[in-house]
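Step one of this worksheet: look at the structure below.
Letters A, B, ... mirror the listed sequences (proteins, then strands); counts begin at 1. Values reported hereafter were calculated over all heavy atoms of this structure, with side chains retained and with hydrogens, waters and symmetry mates removed. A quick note: this is a predicted structure, and the numbers were derived from the prediction, not measured.
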Protein chains: 2
Amino acid sequence: MDPSCTCELCELKGLFFENLEGDQLDMICSGKVEKEFSQGESIIKEGTMIKDFVYLKSGLVKQFRSDSYGKEQIISISKPFDYVSLLSVFSNDQYNYSVSALEDSVTCNIKMEDIKSIASDNGNLALNLLKKMSKVADKIILDSLAIRTKHLRGRVAFLLIYFSQDVYFSSEFDLPLSRKEMAEYVGMTTENVIRSLSEFRRDGILKIYGKTIHIVNMDTLKSIAEFG
Amino acid sequence: MDPSCTCELCELKGLFFENLEGDQLDMICSGKVEKEFSQGESIIKEGTMIKDFVYLKSGLVKQFRSDSYGKEQIISISKPFDYVSLLSVFSNDQYNYSVSALEDSVTCNIKMEDIKSIASDNGNLALNLLKKMSKVADKIILDSLAIRTKHLRGRVAFLLIYFSQDVYFSSEFDLPLSRKEMAEYVGMTTENVIRSLSEFRRDGILKIYGKTIHIVNMDTLKSIAEFG
DNA sequence: ATCATATTATGACAATTATCATATCGTTTC
DNA sequence: GAAACGATATGATAATTGTCATAATATGAT
């Protein structure tokens with residue numbers, strides 16, 4: 001094996017390439033390109049040709065698209081170990097969504113041809129991809145159903161809990177989204193996101209310092225996310 | 001090859017099993033079970049163990065789940081050539097959704113072990129599955145985003161256009177959903193679905209005879225789906 | 001520092017949607 | 001056929017959400 005290959009040491013190897021050895025790993029390793037993006041930078045643009053299979057090594061990204069009015073809708077937020085160039089990649093030749101960096105991020109890019117050629121030789125890797133993809137797609141669908149049934153306050157609560165429990169593992173964190181982006185994600189207006197946050201602050205559920213959120217009363221917030 | 005195998009003649013063979021020959025095709029063929037369901041019958045129940053990979057040979061089905069209030073939400077409607085047991089199948093051990101027949105339907109059921117064992121031997125088949133699955137998941141996500149941005153009348157219009165253009169290929173058809181189910185699909189109340197239909201009738205866009213819908217003015221309906 | 005600009009914030013009001021009550025129609029059951 | 005039931009239908013009203021106006025605060029450029 002190529003001794004200069006660093007993929008063997010990559011903590012994300014197990015994500016897709018568990019069953020990869022020798023020549024196949026060398027192929028991925030020599031063909032891969034790592035790219036860095038600063039906060040706010042565009043990673044993938046809706047409508048461009050798909051050339052690479054992209055996954056996130058570090059940082060946080062949003063996937064989004066424009067609706068028929070030109071307004072942006074956020075489809076999902078992904079952290080490392082989640083896909084980035086997920087769904088369209090195996091069925092389309094161009095991206096259905098855009099992706100951009102919510103925090104400074106690093107991606108690993110592998111040519112689609114390489115992935116496809118290896119997957120067709122290595123069924124276990126293909127099955128692994130299938131498993132991972134279905135999990136990610138499922139989460140997007142279930143989250144979108146969950147959001148749909150909630151009232152506005154519940155949607156904002158849902159989002160705050162997500163950041164606290166799944167992304168930052170703390171009751172205090174900096175929101176990676178503007179109020180406007182939060183609105184684009186949960187399908188409401190910016191004003192109503194702000195109003196919901198203000199109400200939570202007024203009711204002693206949150207402390208808010210600009211983008212910094214401190215969840216004081218998680219239990220109440222959870223019951224709002226569930227029923228309110 | 002087993003001469004009694006009928007899979008070779010199945011018009012859906014190309015869907016997933018294009019690249020299947022000899023022993024592998026025999027394995028699928030001898031293990032498969034076809035099942036018939038009458039309109040309204042349950043095909044898959046949320047929460048039960050996944051044993052089979054199921055696809056639809058004929059008919060029409062809905063996939064749905066219950067929200068935290070116990071209310072049903074329809075996730076998607078599938079016709080033949082679309083998946084039935086789509087997403088959860090490769091990542092979960094139990095179903096996240098239920099499936100039931102909107103019309104008399106026939107499914108073909110293949111043991112998950114057989115699919116997995118063949119996919120791990122046959123990367124091209126696995127890639128084919130990946131391609132098909134990502135297409136289906138993508139459609140569900142994009143449809144759900146599209147519905148979310150519309151007002152009530154636009155959602156009902158969207159649904160009617162879907163049935164007319166993608167399922168029945170006619171401007172006159174029998175709705176396979178009750179008004180209540182239509183509401184569960186597009187996220188609104190039954191009363192408002194009925195109201196929207198009544199308005200369309202009043203405005204000369206539709207003729208309605210119970211479950212039979214005749215779209216008289218498709219152009220107007222399309223502009224309502226797009227902007228109204 | 002100062003200006004211009006975008007984001008956050010709040011209120012008043014309008015539009016949309018849900019809820020509740022009630023009526024009609026069609027189907028099934030006896 | 002009559003009774004009972006569920007689906008469809010419509011109106012009145014309440015609740016929710018969006019729109020518009022305006023102000024305060026933060027951010028970035030010069």
Side-chain angles (χ1 to χ4, degrees), chain A residues 38-41 67 69-74 102 147-160 174-203 205-214 224-225 227-228, chain B residues 38-40 62 67 69-74 102 147-160 174-203 205-214 224-225 227-228:
Chain A
S38 330
Q39 189 186 61
E41 250 189 292
D67 68 15
Y69 301 90
K71 217 183 122 190
E72 279 186 10
Q73 300 177 283
I74 296 182
L102 293 173
I147 287 171
R148 188 176 95 172
T149 57
K150 295 182 200 313
H151 287 175
L152 301 193
R153 285 159 53 87
R155 297 182 195 184
V156 175
F158 176 89
L159 204 45
L160 296 176
D174 281 5
L175 275 172
L177 300 179
S178 67
R179 312 294 194 258
K180 180 159 170 280
E181 287 173 311
M182 291 178 68
E184 286 166 355
Y185 187 35
V186 297
M188 51 196 277
T189 58
T190 308
E191 291 95 325
N192 281 329
V193 168
I194 292 169
R195 258 185 270 272
S196 298
L197 288 172
S198 299
E199 282 171 31
F200 292 159
R201 179 182 48 202
R202 196 197 54 205
D203 297 347
I205 298 167
L206 299 180
K207 291 186 177 170
I208 305 176
Y209 320 95
K211 289 219 176 293
T212 304
I213 298 287
H214 181 191
I224 291 170
F227 306 108
Chain B
S38 333
Q39 189 186 62
K62 65 170 176 176
D67 68 17
Y69 301 90
K71 220 182 119 190
E72 279 186 9
Q73 300 176 285
I74 296 181
L102 293 172
I147 287 171
R148 187 175 95 172
T149 55
K150 296 182 200 311
H151 286 176
L152 300 194
R153 287 160 53 87
R155 296 183 195 182
V156 175
F158 176 88
L159 204 44
L160 296 175
D174 281 5
L175 276 172
L177 300 179
S178 68
R179 312 294 195 259
K180 179 159 170 281
E181 286 173 312
M182 291 177 69
E184 285 165 357
Y185 188 34
V186 296
M188 50 194 279
T189 58
T190 309
E191 293 94 323
N192 281 330
V193 168
I194 292 169
R195 260 186 269 272
S196 298
L197 288 171
S198 299
E199 283 170 32
F200 292 159
R201 180 183 46 203
R202 196 197 54 207
D203 297 346
I205 298 166
L206 300 180
K207 291 188 176 168
I208 305 176
Y209 321 94
K211 289 219 177 293
T212 305
I213 298 286
H214 181 192
I224 291 169
F227 306 107

Record whether the side chain of R195(B) comes under 3.5 Å of the base of dG11(D) through a donor-acceptor pair of N or O atoms.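 A donor-acceptor contact between them is present.
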Examine the base of dT8(D) for any acceptor or donor lying under 3.5 Å from a partner atom in the side chain of R201(B), and report the outcome as yes or no. no
Under the side chain to side chain contact (heavy atoms under 4.5 Å, CB included) rule, what do Y185(A) and R155(A) come out as? Steps first, then yes or no, please. CA-CA 9 Å; Y185(A) 187 35; R155(A) 297 182 195 184; over 6 Å; no
dT30(D) - base-pair partner by Watson-Crick or wobble geometry, distances under 3.5 Å: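 Result: dA1(C).
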Please determine whether a side-chain nitrogen or oxygen atom of [X] lies at a distance below 4.0 Å from atom OP1 or OP2 of [N].
X       : N       : value
S198(A) : dT10(C) : yes
K211(B) : dT8(D)  : yes
R179(B) : dT8(D)  : yes

Atom [atom1] of [X] to atom [atom2] of [N]: distance rounded to whole Å?
X       : N       : atom1 : atom2 : value
Y209(A) : dT25(D) : OH    : P     : 18 Å
N192(B) : dT16(C) : CG    : C1'   : 9 Å
I208(A) : dA24(D) : CD1   : P     : 20 Å
H151(B) : dG18(D) : NE2   : C1'   : 8 Å

Check ion pair R195(B)-E199(B) (N to O, under 4.0 angstrom): no
Where the side chain of [X] is defined as all heavy atoms beyond and including C-beta, which of [options] is the nearest nucleotide?
X       : options                   : value
I194(B) : dA7(D), dT10(D), dG18(D)  : dT10(D)
E191(B) : dA18(C), dT8(C), dT10(D)  : dT10(D)
M188(B) : dA18(C), dT10(C), dG18(D) : dA18(C)

Tell me whether K207(A) at atom NZ has more than 12 heavy atoms from other residues, nucleotides or ligands lying less than 6.0 Å away. no
Quick one: are L159(B) and V193(B) in side-chain contact, heavy atoms under 4.5 Å? no
